[in-house]
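Below: the structure, in structure tokens.
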Amino acid sequence: MRGGRGATATLTALVLAAGLAGCARDRAAAPEIAAPVGATAEASAAPAGETDAATATATPPARESMGAAPRRSPSPSARPTHRPTRATAPRAAAKPPTETKVPPPPPKPAPTACTPRYEGTQATRAQVKAALGDAAAKTYWPTSAPDIRIPLPLVKATAWQESGWQSNIVACDGGIGLMQVMPATADWMNQRFGQSYDVRDYRDNAYLGANYLAWLTKYIGDMYFEADYRLDAALCTTELNSCLLNAVIAAYNYGHGAVAREGEPLTIPNPQYVRNVRALMTECVCLTY
């Protein structure tokens, strides 16, 4: 969620991953975000994740731990048990957006030779797991779209794709932490919704990333999917622009403006990134943590 980037957003791919470059950059904000970054009185405070010092591990090499994870065979429970009753295809041309306040423009691409750095103390695996789980459990649009839910596998996979679950990593383009949130995007979200989340705190970082996913769900869902906000893989066909889930993943990495434009068809400008995150949603070793 490198908040605000729009078009150029990937560093280098490791096995399955596009590395630190992604998501956080284009992040926009969440309208009625209730839980983590809720701007309204409906927003509720999120409990902090419990720590588990016994699970702390040494900080892995910056590039070695980013992106893809060792694969595992999907468990039966990870597969959908039923298909949705209706398959909503995207509109041929987008409606005008209902959310007109958008995040700042994306930063310039970072030098290719740049190496990410670490700042502060890295959160333990148990702390990260708790933070991501808490962020995924929130209701971000309690008034106008209370049915929006951000699947936990999506939050976990996005964090793994973006940072390898490294809470204290800072990318060359400025993306910070687990969800690689851009400072300008975090500031925009805090100002818009009257919050004070710290992008360098791993729990707040998880909230900001999940908030942005929720904002993208509402933004793109209203423009192309007639307010059908289901982030359900069963709604996707072989065409990447066939479902809201793929569009939200793409926009997290490339920016909402590169994916959804009024009067134009839905666009997926970063197919490999989308495939990476979709694969991690069922195969990432992080799902077993």
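Position 1 is the first residue of the sequence; numbering continues from there.
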query = Would you say Lys129 has more than 12 foreign heavy atoms packed within less than 6.0 Å of its NZ?
reply =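 Result for NZ/Lys129: open.
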request  = Mark yes when over 12 heavy atoms from residues, nucleotides or ligands other than Gln191 sit less than 6.0 Å from its CD; otherwise mark no.
outcome  =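 Incorrect, the count does not exceed 12.
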Do any N or O atoms from the side chain of [X] and from the backbone of [Y] form a donor-acceptor pair under 3.5 angstrom?
{"X": "Thr158", "Y": "Val155", "result": "no"}
{"X": "Ser242", "Y": "Thr237", "result": "yes"}
{"X": "Thr139", "Y": "Pro142", "result": "no"}

ask   = Where do Met223 and Arg91 land on the side-chain contact (heavy atoms from CB on, under 4.5 Å) test, with the steps shown first?
value = CA-CA 8 Å; Met223 292 178 72; Arg91 294 172 54 88; over 6 Å; no
Heavy atoms, side chains only, cut-off 4.5 Å: are [X] and [Y] in contact?
{"X": "Leu132", "Y": "Trp165", "value": "yes"}
{"X": "Leu240", "Y": "Arg275", "value": "yes"}
{"X": "Met182", "Y": "Pro103", "value": "no"}
{"X": "Asn241", "Y": "Pro265", "value": "no"}
{"X": "Lys218", "Y": "Ile148", "value": "yes"}
{"X": "Met179", "Y": "Leu208", "value": "no"}
{"X": "Asn246", "Y": "Val248", "value": "no"}
{"X": "Tyr118", "Y": "Gln166", "value": "yes"}

Nearest 0.5 angstrom please: [X] [atom1] to [Y] [atom2], how far?
{"X": "Ile169", "Y": "Gln122", "atom1": "CD1", "atom2": "CD", "value": "8.5 Å"}
{"X": "Arg278", "Y": "Glu283", "atom1": "CZ", "atom2": "CD", "value": "11.0 Å"}
{"X": "Cys243", "Y": "Ile268", "atom1": "SG", "atom2": "CD1", "value": "7.5 Å"}
{"X": "Met281", "Y": "Leu152", "atom1": "CE", "atom2": "CG", "value": "9.5 Å"}
{"X": "Tyr289", "Y": "Lys156", "atom1": "OH", "atom2": "NZ", "value": "10.5 Å"}
{"X": "Asn276", "Y": "Gln161", "atom1": "CG", "atom2": "CD", "value": "4.5 Å"}

Looking at [X] and [Y], what are the two nearest heavy atoms and their distance?
{"X": "Ala258", "Y": "Thr267", "value": "O-CB, 3.8 Å"}
{"X": "Leu244", "Y": "Phe225", "value": "N-CZ, 3.4 Å"}
{"X": "Asn190", "Y": "Ser196", "value": "OD1-N, 3.5 Å"}
{"X": "Pro269", "Y": "Ala250", "value": "CD-CB, 4.5 Å"}
{"X": "Ala251", "Y": "Ile220", "value": "CB-CD1, 3.9 Å"}
{"X": "Val102", "Y": "Glu99", "value": "CG1-O, 4.4 Å"}

request  = For Tyr229 and Asp222, test the side chains for any donor-to-acceptor distance below 3.5 angstrom and give the result as yes or no.
outcome  =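 Short answer, yes.
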query = Of all residues at least two apart in sequence or in a different chain, which pass the side-chain contact (heavy atoms from CB on, under 4.5 Å) check with Pro151?
reply =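 Result, side-chain contact (heavy atoms from CB on, under 4.5 Å) vs Pro151: Pro153, Leu154, Leu231.
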key: side-chain contact (heavy atoms from CB on, under 4.5 Å) assessment of Gln127 paired with Ser167   = CA-CA 10 Å; Gln127 289 174 320; Ser167 64; over 6 Å; no
request  = Flag the pair Glu119 and Arg200 as a salt bridge only when some basic side-chain nitrogen lies within less than 4.0 angstrom of an acidic carboxylate oxygen.
outcome  =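 Looking at Glu119 and Arg200, the cut-off is met.
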key: Asp204 vs Val199, side-chain contact (heavy atoms from CB on, under 4.5 Å): CA-CA, chis, key distance, verdict   = CA-CA 6 Å; Asp204 287 3; Val199 69; over 6 Å; no
request  = Starting from the C-alpha separation in whole Å, work towards a yes-or-no answer on side-chain contact (heavy atoms from CB on, under 4.5 Å) for Leu245 and Leu235.
outcome  = CA-CA 8 Å; Leu245 174 61; Leu235 294 171; over 6 Å; no
ask   = Got a sec, which residues hit ring pair (Phe, Tyr, Trp, His ring centres under 6.0 Å) with Tyr224, two or more places apart in sequence or on another chain?
value =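 Result, ring pair (Phe, Tyr, Trp, His ring centres under 6.0 Å) vs Tyr224: none returned.
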